[in-house]
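Throughout, a chain's letter reflects where its sequence line sits, starting with A, and its residues are numbered from 1. Side-chain atoms are counted along with the backbone in the values below, which use heavy atoms only and exclude waters and symmetry mates.
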Protein chains: 4
Amino acid sequence: MRAARPRRADARRNEKTLLDAAAAIFVTSGVEAPVRDIAAEAGVGTATIYRHFPTRADLIIAVYRHQVEACAEAGPALLASSATPYAALRQWINLFVDFLVTKHGLAAVLQSDSAGFGNLHAYFLDRLLPVCTQLLDAAADSGEIRSGLDAYALLRGVGNLCIGADSDPRYDARRLVELLIAGLRRPR
Amino acid sequence: MRAARPRRADARRNEKTLLDAAAAIFVTSGVEAPVRDIAAEAGVGTATIYRHFPTRADLIIAVYRHQVEACAEAGPALLASSATPYAALRQWINLFVDFLVTKHGLAAVLQSDSAGFGNLHAYFLDRLLPVCTQLLDAAADSGEIRSGLDAYALLRGVGNLCIGADSDPRYDARRLVELLIAGLRRPR
Amino acid sequence: MRAARPRRADARRNEKTLLDAAAAIFVTSGVEAPVRDIAAEAGVGTATIYRHFPTRADLIIAVYRHQVEACAEAGPALLASSATPYAALRQWINLFVDFLVTKHGLAAVLQSDSAGFGNLHAYFLDRLLPVCTQLLDAAADSGEIRSGLDAYALLRGVGNLCIGADSDPRYDARRLVELLIAGLRRPR
Amino acid sequence: MRAARPRRADARRNEKTLLDAAAAIFVTSGVEAPVRDIAAEAGVGTATIYRHFPTRADLIIAVYRHQVEACAEAGPALLASSATPYAALRQWINLFVDFLVTKHGLAAVLQSDSAGFGNLHAYFLDRLLPVCTQLLDAAADSGEIRSGLDAYALLRGVGNLCIGADSDPRYDARRLVELLIAGLRRPR
DNA sequence: AATGAATGAGGGTTCATTCAT
DNA sequence: TATGAATGAACCCTCATTCAT
């Protein structure tokens with residue numbers, strides 16, 4: 001039997017450095033920043049990044065994983081704690097928007113169909129689509145919203161509304177998403 | 001001394017060729033297609049394109065000018081012919097969406113803050129913002145919609161919703177924009 | 001009607017510069033030398049090389065085309081002028097060896113199966129295989145040599161014997177090829 | 001104080017693992033396969049390989065040592081058992097070819113002048129050159145072959161003929177070597 | 001002694017843009 | 001005025017090899 005790998009503690013610390021560096025660069029240059037810039041920020045060779053994160057999608061996922069998970073987990077909680085399913089949906093979407101709006105370039109990349117971001121796309125869908133579907137279904141069942149809107153389309157629409165949300169003070173993605181969600185409401 | 005007119009006619013014909021070529025390439029490869037591809041399609045050297053259209057924004061503007069103008073002009077007309085200002089706004093937005101959705105990559109570039117698209121941004125705003133403002137104001141004045149939404153934000157939000165609208169059958173930009181506009185409506 | 005492209009003269013001169021530079025670098029560093037080195041030798045940007053010669057195989061072919069053609073054309077001439085077909089074959093092979101032995105790394109690359117040299121392989125075969133076949137057949141018909149040796153195998157064997165022929169004074173490719181050709185002779 | 005022997009046994013077993021792994025990888029990916037692949041196959045860190053075999057040449061030598069030794073030892077035996085020295089030479093060369101032809105990439109590396117394979121080159125020469133010289137001399141003394149061919153050149157020529165012998169069904173290295181040896185024969 | 005993480009030098013390739021003809 | 005050749009900056013990615021644990 002083999003003892004747990006001793007280097008692991010070190011490597012994990014290093015990985016943390018990498019993620020911090022990537023996060024910092026993502027903020028200033030967007031998630032498509034050159035690998036070299038990230039490596040430089042981390043004080044590390046480029047290959048080190050490739051070792052830890054073979055594709056850019058892997059890196060992006062790792063950087064945002066905690067927040068995506070938190071968002072996913074918030075769905076059922078909100079459903080349980082909110083007055084109505086529609087209120088839960090609305091709040092959950094706001095969480096998603098709060099997340100996206102602060103991630104320079106992420107929303108843009110999320111809708112890019114360029115191969116290589118496939119994993120990223122898949123990850124977000126994998127984690128968030130079921131949650132969104134659940135909330136949407138609940139709100140439809142309660143009769144609060146029109147039915148017939150795909151959770152996929154909604155997520156993507158919300159994501160799109162977040163593109164370029166920073167870097168333009170005249171553009172208020174949160175407000176627009178609010179309107180979109182308001183528009184979902186079944187007219188009386 | 002040289003006659004000025006005949007040259008002008010020549011140049012204009014040449015420019016037409018360029019625009020047709022660009023339009024064709026934009027359809028197949030998006031508005032960020034390599035300059036070379038466009039030049040090749042036009043049967044022209046790359047420098048010729050730069051002479052006529054110093055920046056890519058200039059070229060894009062020229063290609064879509066007619067349609068943008070038409071869209072701008074449709075605003076007042078719709079306002080005059082529609083039952084209510086809100087109906088006019090809604091139809092006008094739909095016109096804009098119909099335009100954007102069919103222009104591969106245009107919506108994406110419209111929100112790009114990368115210098116070099118500044119002109120493009122400015123042109124669209126210059127032509128469409130007044131129209132949108134007028135429609136929005138009219139609808140606000142009539143009491144049909146909530147006030148407080150900037151025309152700039154609306155235009156940009158609609159533009160964003162159109163990103164990637166082709167190339168993904170599961171995503172329906174028109175529907176989402178409809179919801180957004182529905183959300184504008186003042187709740188009773 | 002359009003006049004012949006005026007730039008062509010210039011470009012051709014430049015191409016000559018490129019070929020000379022490539023040839024020079026091939027001599028010192030072999031035919032697999034970095035594109036950048038060749039560009040530097042030519043005093044040219046790397047992309048210039050790619051413009052003229054999209055793949056490395058194209059460049060190699062261009063550098064050696066004249067000599068390969070000359071070799072190919074020498075075949076029938078030798079057949080006509082030599083005392084016997086076997087003598088012609090022997091002299092032709094010697095020509096081929098003389099060519100290869102002075103081309104650092106070419107023989108090695110000729111037998112490389114790494115994709116990307118496919119074109120090169122094909123070119124050599126296309127030009128030289130028919131000639132070699134003709135000579136081999138003639139010598140077989142005359143009864144001078146054993147039959148049953150494929151021209152392809154012969155060419156490749158000769159090529160292989162030329163690998164590393166420069167850079168090692170103790171190795172005499174010409175002598176070995178002579179022995180190989182001698183071995184072809186039908187024993188009495 | 002530490003006992004020396006038991007460690008030694010351990011190390012030797014470890015080395016065996018390494019050699020087996022290297023041999024396996026050499027078969028599938030050739031003798032220039034990435035160090036990492038070999039380490040992975042052995043279930044070992046890369047540095048472990050460097051500790052045991054500082055250069056790739058050392059590793060290759062170790063992998064094939066037994067077969068090279070066997071080949072070397074076969075020389076005198078063949079000389080003793082064969083009808084004539086020439087027959088012995090011929091059979092010995094065939095043994096060498098059989099060895100080389102089945103070692104993916106070995107023949108190619110044997111003639112590489114890239115520093116780092118110096119050891120390898122030296123080892124093969126050290127073991128095989130005396131044997132080949134002895135056989136060649138004997139055959140020359142018996143009057144069966146032309147004299148004047150260096151054993152070094154012969155070995156290297158045979159090695160070259162074996163390059164790429166696998167991976168191309170149209171190329172028959174054994175046949176060509178046979179012709180080369182036949183060519184050595186003194187003409188009557 | 002073994003590990004496997006980190007290093008960083010290379011090499012290939014693509015365009016936007018300039019410039020000589 | 002038109003041309004299209006040349007430019008060269010940017011990026012990505014792969015390993016051989018070293019080094020801290």
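For C/F124, there are no ring pair (Phe, Tyr, Trp, His ring centres under 6.0 Å) partners two or more places apart in sequence or in a different chain. Partners of A/D168 according to the side chain to side chain donor-acceptor pair (under 3.5 Å) rule, which considers only residues two or more places apart in sequence or in another chain, are B/Y152, B/R156. Take C/S167 and apply the side chain to side chain contact (heavy atoms under 4.5 Å, CB included) test, not counting sequence neighbours, and it matches D/D113. Every side chain to side chain donor-acceptor pair (under 3.5 Å) that C/S114 has, sequence neighbours left out, goes to C/S112.
Taking atom CD of A/E15 as the reference point, atom P of E/dA5 lies 10 Å away to the nearest angstrom. Across the protein-nucleic acid pair, C/I38 atom CD1 and E/dT13 atom C1' stand 14 Å apart, rounded to whole Å. In this structure, the CD atom of B/E41 is 15 Å from the P atom of F/dG4, given to the nearest Å.
Of the residues in residues 23-36 of chain D, those with a non-hydrogen atom less than 4.0 angstrom from any atom of DNA chain E are D/R36. Residues from residues 45-61 of chain C with heavy atoms under 4.0 angstrom of DNA chain E, sorted by number: C/T46, C/A47, C/Y50, C/R56.
Screening residues 16-27 of chain A for side chain to side chain donor-acceptor pair (under 3.5 Å) gives A/K16-A/D20 as the qualifying pairs, with residues at least two apart or on separate chains.
Side-chain contact between B/N160 and B/I163 is present, with heavy atoms from C-beta onward closer than 4.5 Å. Counting heavy atoms from C-beta outward, A/T28 and A/H104 have side chains that stay 4.5 Å or more apart. For the pair B/K103 and B/Q67, the minimum side-chain heavy-atom distance is below 4.5 Å. Considering only heavy atoms from C-beta on, C/F26 comes within 4.5 Å of C/L59 through its side chain.
The phosphate of F/dA6 has OP1 or OP2 within less than 4.0 Å of a side-chain N or O from C/N14.
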Taking distance alone, no hydrogens or angles, what donor-acceptor pairs closer than 3.5 Å link side-chain atoms of residues 30-57 of chain A to residues at least two apart or in another chain?
from, atom 1, to, atom 2, distance (Å)
A/H52, ND1, A/E15, OE1, 2.9
A/T55, OG1, A/A57, N, 3.3
A/T55, OG1, A/D58, N, 3.2
A/T55, OG1, A/D58, OD2, 3.0
A/R56, NH1, A/V31, O, 3.0
A/R56, NH1, A/A33, O, 2.7
A/R56, NH2, A/A33, O, 2.8

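Listed by first residue number, the stems of DNA chain F with at least three Watson-Crick or G-U pairs below 3.5 Å are E:2-21 with F:2-21.
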